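Let me begin by presenting the structure, written as structure tokens, before commenting on it.
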Amino acid sequence: MVSKVTVNLAIPHPFDLTATLESGQAHRWHREGRWYCGVVYGNMLKVRQNHMGIEVFSAPAEPEELIPLLTSYFRLDDNLDVVYQTINRDPLIADMIDRYAGLRLLRQEPWECLVAFICSATSNIPRIGANMEAIADTYGQRITLQCHSRFSFPSADRLAEAGEQALRDIRLGFRAKYLAYAAREVAEGNLDLEKLRSLSYWDAKTCLMDIPGIGAKIADCVLAFSLDKMEAFPIDRWVNRAMQEWYLNGRKMSYEQVVRWAQSYFGPYAGYAQQYLFHGRRLDRRVRGTETRTGK
DNA sequence: CCACGGCCTGATTC
DNA sequence: AGAATCAGGCCGT
């Protein structure tokens, strides 16, 4: 029997499922028309937004049981009005907020998020997704929902056991070594991701960056997208370009200098500002089809 | 601190 | 068409 609920959570502030799931934070969502299919915390989900809220199919847990999980995952506990008031410092960011109102950060599983962004180095969004699926297909558990099958995301233990060569074999490239190392550190308890929540942003970041293959950018992604550090400000080429052109007037600054600048400018929700800048810049490039290659 | 080459691989560009 | 180039970085020199 198929169960379905409309998760009729009061969403008093804007929420845009499409913008949220297609803003490059999460890598295991597949779109089918207006539905999105993904795997979160061992549950396969099929979700769609309507005027009431979010419709959900799920397995193995029933949708009703997953309401707290979904509320957390989609950060429906964030008051976006407050976020917007805080980061809305100028007409440029205001335009992004206006265009993508309801785009939310996600609160993902830290381990899965860390793996995804280890895979992100010198890669691109489709390939990161392919890597994540290959990892799940090979090492996860099968979950079936309405004749579709997906696989849960495997634990660090499981990937530590797999080892570097096996990860290379599923085409992770040079990232296999970093992933194998990180898996071992987490499996052995030397890196306790949940514990990072209780640390300050800078302390948590330092812990993450102790792992080879995790630099400032990847650490910031994990902190912003899974560990509730909303002041984290991941800077990739798109955000960097937005910052250079719109805010820094071409001034040369190191990565961490730009982070500090953004934090002092946008405040404690700098991570939200980053997500809007990133999304806007990326879509812009797509629409125009061409990208000026003067920068690199 | 900064600059640079190398790293796996697949898609896109020339 | 085959060869460069590039993609949501990081590390070592």
Side-chain angles (χ1 to χ4, degrees), chain A residues 19-29 96 100 103 105-106 108 112-135 138 162-182 185 191 205-226 232-244 248 250-262 270-286 288-296:
Chain A
T20 299
L21 294 183
E22 295 190 7
S23 61
Q25 313 173 60
H27 300 84
R28 296 202 62 202
W29 288 98
M96 294 295 154
Y100 310 115
L103 167 58
L105 293 181
L106 292 168
Q108 303 180 59
E112 178 182 329
C113 188
L114 178 63
V115 175
F117 285 96
I118 286 174
C119 291
S120 77
T122 322
S123 189
N124 52 67
I125 290 176
R127 190 153 89 101
I128 298 165
N131 289 157
M132 294 296 280
E133 286 312 292
I135 292 168
T138 310
E164 177 184 340
Q165 188 53 52
L167 296 172
R168 275 187 184 268
D169 291 344
I170 57 173
R171 335 222 107 214
L172 296 200
F174 64 83
R175 306 159 195 86
K177 178 171 50 172
Y178 299 140
L179 177 51
Y181 189 94
E185 288 294 286
L191 176 62
K205 185 168 180 174
T206 302
C207 288
L208 287 171
M209 290 176 64
D210 280 343
I211 306 289
I214 304 180
K217 157 65 167 58
I218 292 174
D220 278 332
C221 288
V222 174
L223 292 170
F225 305 148
S226 74
F233 192 83
I235 304 167
D236 62 16
R237 56 192 260 115
W238 300 111
V239 173
N240 194 42
R241 195 166 300 174
M243 293 302 292
Q244 284 298 323
L248 304 178
R251 282 196 305 261
K252 297 274 178 218
M253 286 197 217
S254 72
Y255 183 99
E256 300 297 3
Q257 283 177 317
V258 179
V259 169
R260 288 180 192 279
W261 190 96
Y272 259 101
Q274 178 275 349
Q275 201 58 23
Y276 281 77
L277 294 175
F278 174 75
H279 194 55
R281 276 280 162 157
R282 256 185 82 235
L283 294 189
D284 240 28
R285 166 211 51 172
R286 253 183 221 178
R288 294 179 201 182
T290 55
E291 176 196 339
T292 52
R293 287 174 210 286
T294 51
K296 187 137 193 229

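Chain letters run A, B, ... following the sequence lines, proteins first and then strands; every chain starts at 1. Just so it is clear, the structure is predicted and the values come from calculations on it, not from any experiment.
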N/O to N/O distances under 3.5 Å, protein versus nucleotides 3-10 of chain B:
residue	atom	partner	partner atom	Å
dC8(B)	OP1	Arg168(A)	NH2	3.0
dC8(B)	O5'	Arg168(A)	NH1	3.1
dC8(B)	O4'	Phe174(A)	N	3.2
dC8(B)	O2	Arg127(A)	NH2	3.2
dC8(B)	O2	Arg175(A)	NH1	2.7
dC8(B)	N3	Arg175(A)	NH2	3.2
dT9(B)	O2	Arg127(A)	NH2	3.3
dG10(B)	OP1	Arg171(A)	NH1	2.4
dG10(B)	OP2	Arg171(A)	NH1	2.8

Whole-Å distance between [N] [atom2] and [X] [atom1]?
| X | N | atom1 | atom2 | result |
| --- | --- | --- | --- | --- |
| Phe233(A) | dG8(C) | CZ | C1' | 14 Å |
| Arg237(A) | dC10(C) | CZ | P | 15 Å |
| Gln275(A) | dG8(C) | CD | P | 14 Å |
| Leu208(A) | dC10(C) | CG | P | 11 Å |
| Ile125(A) | dG9(C) | CD1 | P | 11 Å |
| His27(A) | dA7(C) | NE2 | P | 16 Å |
| Arg281(A) | dG8(C) | CZ | P | 14 Å |
| Tyr255(A) | dC10(C) | OH | P | 7 Å |

In what stems does DNA chain C take part, counting only runs of at least 3 consecutive Watson-Crick or G-U pairs whose two distances fall under 3.5 Å?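 Consecutive-pair runs (3 or more) involving DNA chain C: B:3-7 with C:9-13, B:9-14 with C:2-7.
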
What is the distance from atom [atom1] of [X] to atom [atom2] of [Y], rounded to the nearest 0.5 Å?
| X | Y | atom1 | atom2 | result |
| --- | --- | --- | --- | --- |
| Ser23(A) | Leu283(A) | OG | CG | 9.5 Å |
| Arg28(A) | Ile128(A) | CZ | CD1 | 14.0 Å |
| Tyr181(A) | Ile211(A) | OH | CD1 | 6.0 Å |

Has the side chain of Arg175(A) got a donor or acceptor atom that lies under 3.5 Å from a matching backbone atom of Ala121(A)?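 The answer is yes, because a donor-acceptor pair under 3.5 Å joins these two groups.
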
In whole angstrom, give me the gap between the [atom1] atoms of [N] and [M].
| N | M | atom1 | answer |
| --- | --- | --- | --- |
| dA1(C) | dT9(B) | P | 26 Å |
| dG8(C) | dC2(B) | C1' | 22 Å |
| dC8(B) | dG2(C) | P | 26 Å |

Quick one: closest heavy-atom pair of Met96(A) and Tyr276(A), and the distance?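 Minimum heavy-atom contact is O-CD2, 3.5 Å.
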
What are the two closest non-hydrogen atoms of Met132(A) and Ala116(A), and how far apart are they?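 Result for this residue pair: SD-CA, 3.6 Å.
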
Counterpart residues, side chain to side chain contact (heavy atoms under 4.5 Å, CB included), relative to Asn131(A) (two or more places apart):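 Asn131(A): side chain to side chain contact (heavy atoms under 4.5 Å, CB included) contacts with Cys119(A), Arg127(A), Leu172(A).
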
Once side chain to side chain contact (heavy atoms under 4.5 Å, CB included) is applied, do any residues pair with Glu164(A), and if so which ones, sequence neighbours excluded?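 Partners of Glu164(A) by the side chain to side chain contact (heavy atoms under 4.5 Å, CB included) criterion, ordered by chain and then number, come out as Arg168(A), Ala176(A), Lys177(A), Ala180(A).
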
Partner residues of Gln257(A) under the side chain to side chain donor-acceptor pair (under 3.5 Å) criterion, sequence neighbours left out: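 For Gln257(A), the residues satisfying side chain to side chain donor-acceptor pair (under 3.5 Å) (neighbours in sequence not counted) are Ser254(A).
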
In terms of the nearest nucleotide of DNA chain C, which residue is placed more toward the 5' end: Gly24(A) or Met209(A)?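 On the 5' side of the pair lies Gly24(A).
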
Close side-chain approach of Asp169(A) and Thr138(A), heavy atoms under 4.5 Å: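 In short, these two side chains do not touch, never coming nearer than 4.5 Å.
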
Any Ile235(A) side-chain heavy atom under 4.5 Å of Gln274(A) side chain: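 No, every pair of side-chain atoms sits at 4.5 Å or beyond.
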
For DNA chain C, the residues among residues 216-225 of chain A that have a non-hydrogen atom under 4.0 Å from it: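 By residue number: Ala216(A), Lys217(A), Ile218(A), Cys221(A), Phe225(A).
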
Please state whether the rings of Phe225(A) and Phe117(A) are parallel, tilted or perpendicular, taking 30° and 60° as the class boundaries.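 The rings of Phe225(A) and Phe117(A) sit tilted, inter-plane angle from 30° to 60°.
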
What's Gly213(A) touching, base or sugar-phosphate or nothing? Going by heavy atoms closer than 4.0 Å.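 Counting heavy atoms under 4.0 Å across all strands, the contact made by Gly213(A) is with sugar-phosphate only.
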
Just checking Pro126(A): base, sugar-phosphate only, or nothing, at a heavy-atom cut-off of under 4.0 Å?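 Nothing, no heavy atom under 4.0 Å.
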
